[in-house]
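Input: a single structure, listed below in structure tokens.
Keep in mind the model is a prediction, meaning the values are calculated, not measured. Letters A, B, ... mirror the listed sequences (proteins, then strands); counts begin at 1.
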Amino acid sequence: MTDLSARARTLREVLALHNYRYHVLDDPTIPDAQYDALYQELQQLETLHPELLTADSPTQRVGAHARPGFTQVTHRIPMLSLNNGFLNSEIEAFDRRARESLGVDCVEYACEPKFDGLAVSLTYEKGLLVQGSTRGDGETGEEVTANLRTLHTIPLSLPIKNPPERLEVRGEVLMQKADFEALNIAQKARGEKIFVNPRNAAAGTLRQLDPALTARRPLSFFAYGVGALEGFALPATQGALMAQLALLHFPVAAECALVSGVEGLLAYFKRIQNARAALPYDIDGVVYKVNDFAQQARLGFVSRAPRFALAHKFPAEEALTEIMEIDVQVGRTGTITPVARLKPVFVGGVTVTNATLHNEDEVRRKDVHVGDTVWVRRAGDVIPEVVSVELGQRPVHAHAFVMPTHCPVCGSQVIREEGESASRCSGGLFCPAQRKEALLHFAHRRAMDIEGLGDKRVDQLVDGGWVHSSADLYGLTMEQLSQLPLMGEKSAENLIAAIQRSRTTTLARFIFSLGIRNVGEATARDLARQFGDLAPLMSASTEDLLQVPDVGPVVAQSIHDFFAEGHNREVIERLQQQGVHWPIHEASSTLPLSGKTFVLTGTLPHLSRDEARARIEVLGGKVAGSVSAKTHYVVAGSEAGSKLERAQALGVTVLDEAQLLLLLKQEHSPS
DNA sequence: GATCCTCGAGTTCT
DNA sequence: CTCGAGGATC
């Protein structure tokens, strides 16, 4: 190693250390001028000898160029969401479940503030920061490495000799209150956009395409966990992990603490609640995690949320405003929803003007009148909701809401079924509102994914009489589109191209796009997998449909009714004529167990229900809930009940676990 | 029959 | 995000 490269390396290490002392510890040990001198020395060295430049050099925080957009990244381990609790009783229930599941008298918890920012993930390979991404939907997020590199509190490399092969650090990016105020003053002085709250400012900054801009905005980072690991020895507890992250120079919140039992949790909550206003950043609650990782593993997950952690949230901020009007909206299924039009009010960080009142009963229950003064908040800090009415302030001219007897859009009768909370327009697809919503659903990103077909466009197409059903979309021409107002040549081209692209789709998307009542994305996928193609699904009896997992009598009836409707069959036929198609999923018809239906009953000695189900489904079999003549196998464990009796009565083959495993093995590797 | 869990549907604002 | 309701499980 030459003297120069040794010097460059020393400079990098010294600068990284002082950067850490300054930005993370807030305890610099050298004057700024001296830091600047060292920085310039390194910069000069790198300019003269570009071969000395490394990715983790402090001079490389801001990348050179703005890029056209962000790419998607799939998290190696999903970034989960947490269950929420507001009431002490909910916290007590959380602690009780943890104690009972673990069989202990008292659980130790790691507590931390719940930052009101954006969750991000930082991947270090061989000690170098190689990727930073947003949480996104938890499965996939956006790659924002260049922007995250500009945060001085994020290490570009790990300050250790033998770094792990891979370490993924997770934490929150946020803007501190003081930084937010200063930024807005500067923005105003420059005549630029004012941010409404620190969270939005942080989100907007992180999504800047030009990292140089991100670098000029003051973002902070706090670590609170890890994701994918290779060659990293995970400590035994959350508390120890936080200590280790701090050793690796990651900022961790000073408010982190270990407590015992529910009393400890509630005391911690109170302490942080009292300190909230004085904290340098916004928080919306605190987070409790079972401290011991082995205990965490035993508690496991419920769907996408861990059972070993809970977010204890502060009550949402509430504000007073007035109800100007109560309108109704017509949804895709004809649901008539009353909506409160509010006098604009700033609450929970945004200005709220609308709030749903859900249904007639809800309006009665809350006793909301037009003209009332009401308390409003953002439920879960997102969706506005009317909390209560200040009855004392009800003006004399206030009047109650009356559910219309006829649809405000098509004039059809409004019907409320016995036992249902929703009122519905009976117009079906005759109702333009329902037709529009149906088209929007059809074009939805998760359905046929026709980009550029938003509500404004659909309004034009339906109101102009160009499009009546989804099939009409495929007959649209450039000439027709160019007659529409506000439709340039380019956007017409784009729309036609998007419609063209959607002709090739998947069966699951197609089924979802039809908008069958009670059939959402998940059920559409199940149906596609079970039936393999559309024709068998269309001709399926309710009996056949009931064989599909998670399809019960109500869903089966909805599907059957939908395909019995002549108009629906006609639209489907026209769609196929127009070239809408999907690959027939060969896999499903050629898998060894496809078409075979299993029913599990009782407790198996080794496999859990979920494992058994997963193993059967991998080979194309389906697992149904109840035994019928169409069931091929019943797998019975100990304490099998009525299902076993029914299987014997119907003469269905009964397997025990060993026989099932044998069957799976044979089918898996047929000789 | 009670309880847990998942899915569907409607919804707000930027 | 939240509610309600459908389905599965005990």
How many Å lie between [atom1] on [X] and [atom2] on [N], as a whole number?
X         : N      : atom1 : atom2 : answer
Arg365(A) : dG4(C) : CZ    : P     : 7 Å
Leu545(A) : dG7(C) : CG    : C1'   : 15 Å
Glu362(A) : dC3(C) : CD    : C1'   : 9 Å
Leu527(A) : dC7(B) : CG    : P     : 13 Å
Glu521(A) : dG8(B) : CD    : P     : 8 Å
Arg525(A) : dG8(B) : CZ    : C1'   : 13 Å
Gln557(A) : dA5(C) : CD    : P     : 18 Å
Phe94(A)  : dC4(B) : CZ    : C1'   : 18 Å

Is any side-chain heavy atom of [X] less than 4.5 Å from a side-chain heavy atom of [Y]?
X         : Y         : answer
Thr337(A) : Thr356(A) : yes
Leu174(A) : Leu219(A) : no
Val144(A) : Thr134(A) : yes

Validation: residues 90-97 of chain A side-chain donor-acceptor distances under 3.5 Å, sequence neighbours left out:
residue: Glu90(A); atom: OE1; partner: Phe86(A); partner atom: N; Å: 2.6
residue: Glu90(A); atom: OE1; partner: Leu87(A); partner atom: N; Å: 2.7
residue: Asp95(A); atom: OD1; partner: Tyr109(A); partner atom: OH; Å: 2.6
residue: Asp95(A); atom: OD2; partner: Arg99(A); partner atom: NE; Å: 3.0

Arg307(A) side chain near dC5(B) phosphate (N/O to OP1/OP2, under 4.0 Å): yes
Summary of protein contacts for nucleotides 9-14 of chain B, nucleotide by nucleotide, where a base hit scores B, a sugar-phosphate-only hit scores S (4.0 Å, heavy atoms): SSBSS-
Touch class at under 4.0 angstrom, heavy-atom based, for Arg377(A) against every strand present: nothing
Carboxylate-amine/guanidinium contact Glu181(A) Lys177(A), below 4.0 Å: no
Test log, rule ring-ring contact (aromatic ring centres under 6.0 Å, His included), inputs His369(A) and Phe401(A): CA-CA 6 Å; His369(A) 283 34; Phe401(A) 167 76; over 10 Å; no
